[in-house]
Amino acid sequence: MVKIQWYPGHMEKARREMTERLKAVDLVIELRDARIPEASRNPLLHMMAKDKPRLILLTKTDMADPAATEEWVRYLKSRENTSCLAVDLMRDSRCGRKIIREALLLMQEKREKQKARGIRPRAVRAMAAGIPNVGKSTMINRIAGKNTLKAADKPGVTRSLTWLHADPDLDLLDTPGVLWPKFDDEKTGSLLAAVGSINDDILDRKMLAMDTIRMIQDLYPQLLEGIYEAEEGVNPNGMLKAIAARRHLLKEKGEPDTKRAADLFLTELRHGKLGRLTLERPDEENSEDEGAEDLHE
Ligand code: G4P
């Protein structure tokens with residue numbers, strides 16, 4: 001598998017700012033891509049916010065396998081102090097309300113106690129975090145709409161992390177998309193790249209396409225063969241040749257242009273043109289609660 005790493009300086013800067021800001025945060029809204037719910041889990045976030053209640057949002061469910069999404073929601077909800085919602089941010093106009101309600105539910109006990117002591121609970125403060133391209137801006141628009149009031153800029157407060165008064169009961173801290181310095185394994189990097197959360201310019205897209213074809217063939221046998229009219233059991237390079245032939249991507253001498261076929265395949269995958277696919281299944285053996293022991297090279 002191709003080895004991918006992408007952790008530019010601006011992400012490390014954002015990570016430091018997020019750690020600092022977490023002190024003022026009641027809960028974390030962690031966005032993950034429903035097509036890769038494990039690979040899109042940021043272990044740094046878990047390490048930074050391990051004691052905070054967590055609402056996991058599985059985004060882009062319209063492109064994920066519905067049965068796998070159900071399985072993931074059940075699995076993630078079984079974690080302590082964690083709630084999970086699967087959301088279609090593009091089509092479900094009510095998902096903003098659902099997210100707010102779920103966030104408040106996570107804090108309900110604490111708020112009830114405050115009320116019992118005669119204290120009027122202040123708005124819940126939630127940090128929204130996730131990998132690049134996971135749908136964070138779309139979610140914030142869904143929650144806060146156009147009436148969002150940005151917290152006034154204060155000197156010394158960075159602009160990259162901004163408090164939004166999303167609702168009378170919920171303040172939302174927006175953060176930039178961040179990854180982490182060292183992926184657990186090569187598969188994690190490939191999955192993140194496959195869905196488009198890693199800058200394409202640093203990638204060998206043909207290698208990435210072949211890795212992804214292999215993963216899809218394992219989970220959805222015959223699917224790609226059917227779509228691209230390829231021979232049964234063809235290897236990933238053969239699949240690229242079949243894609244090139246079907247889509248008339250040929251070099252000057254009529255040979256299949258597998259590089260262009262790789263680009264086309266990745267574009268189709270990322271836009272959900274290959275059907276609703278989830279590229280990972282929950283691993284009951286592997287604890288979600290683990291921290292990030294070995295993230296640096
Ligand atoms: P970010 O802030 O986390 O970086 O993500 P953002 O909201 O900008 O969303 C990234 C892309 O994903 C956008 O497409 C957006 O429309 C799309 N998107 C967000 N949520 C969903 C969802 O639930 N379902 C689907 N199908 N798409 C979603 P884009 O601007 O066209 O970017 P790109 O996909 O061409 O990179």
Side-chain angles (χ1 to χ4, degrees), residues 4 6-8 10-11 13-15 17-18 28-37 39-42 44-45 54-66 68-70 72-73 76 84-100 102 126-146 148 150 158-164 166 172-180 191-203 205 208-209 212 262-280:
I4 296 169
W6 190 47
Y7 191 60
H10 68 83
M11 290 192 190
K13 184 165 172 273
R15 185 198 63 78
E17 288 168 3
M18 285 160 74
V28 174
I29 300 181
E30 181 192 2
L31 290 90
R32 298 199 205 173
D33 190 312
R35 296 164 298 172
I36 54 163
S40 57
R41 162 189 181 268
N42 185 340
L44 285 180
L45 185 65
R54 202 157 21 121
L55 168 56
I56 299 174
L57 291 186
L58 294 181
T59 64
K60 308 197 180 186
T61 49
D62 54 307
M63 293 199 279
D65 181 336
T69 300
E70 249 181 62
W72 273 106
V73 170
L76 292 169
C84 177
L85 272 186
V87 286
D88 177 350
L89 295 167
M90 299 299 278
R91 281 165 204 81
D92 183 359
S93 57
R94 290 186 331 210
C95 68
R97 281 316 310 167
K98 289 182 197 162
I99 295 167
I100 293 172
E102 199 67 27
M127 174 188 275
I131 60 167
N133 212 32
V134 71
K136 215 153 42 58
S137 314
T138 312
M139 180 205 74
I140 285 172
N141 281 339
R142 280 289 184 206
I143 290 191
K146 294 196 180 78
T148 312
K150 284 201 174 186
T158 55
R159 279 158 187 266
S160 53
L161 276 72
T162 317
W163 279 109
L164 306 169
L172 206 55
L173 182 62
D174 185 17
T175 67
V178 286
L179 294 165
W180 50 104
L191 287 168
L192 288 164
V195 300
S197 284
I198 290 187
N199 181 358
D200 255 359
D201 299 342
I202 65 148
L203 300 173
R205 288 197 287 271
L208 171 65
T212 311
D263 282 344
L264 179 118
F265 165 76
L266 290 172
T267 303
E268 296 199 338
L269 171 72
R270 290 169 185 171
H271 289 104
K273 298 269 164 59
L274 307 180
R276 299 179 70 172
L277 305 180
T278 301
L279 303 178
E280 294 180 296

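Ligands are counted one by one from 1 in listed order, and the atoms in each one are counted from 1 as well.
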Residues forming a side-chain contact (heavy atoms from CB on, under 4.5 Å) with Pro8, sequence neighbours excluded: Trp6, His10, Met11
Basic-acidic side-chain contact under 4.0 Å: Lys13, Glu17: yes
Excluding sequence neighbours, so at least two apart, what forms salt bridge (Lys or Arg N to Asp or Glu O under 4.0 Å) with Arg94? none
Partner of Leu55 by side-chain contact (heavy atoms from CB on, under 4.5 Å), out of Ile99, Val28, Leu31: Ile99
Which distance, rounded to the nearest 0.5 Å, do you find between the CZ of Arg205 and the CG of Leu203? 7.5 Å
Can you run down the side chain to side chain donor-acceptor pair (under 3.5 Å) pairs that involve residues 191-201, sequence neighbours left out, and say none if there aren't any? Asp200-Arg270
Run through ligand 1 for me and note each protein residue having a heavy atom under 4.0 Å from it, chain first, then residue number. Lys60, Asp62, Met63, Asp88, Leu89, Met90, Asn133, Val134, Gly135, Lys136, Ser137, Thr138
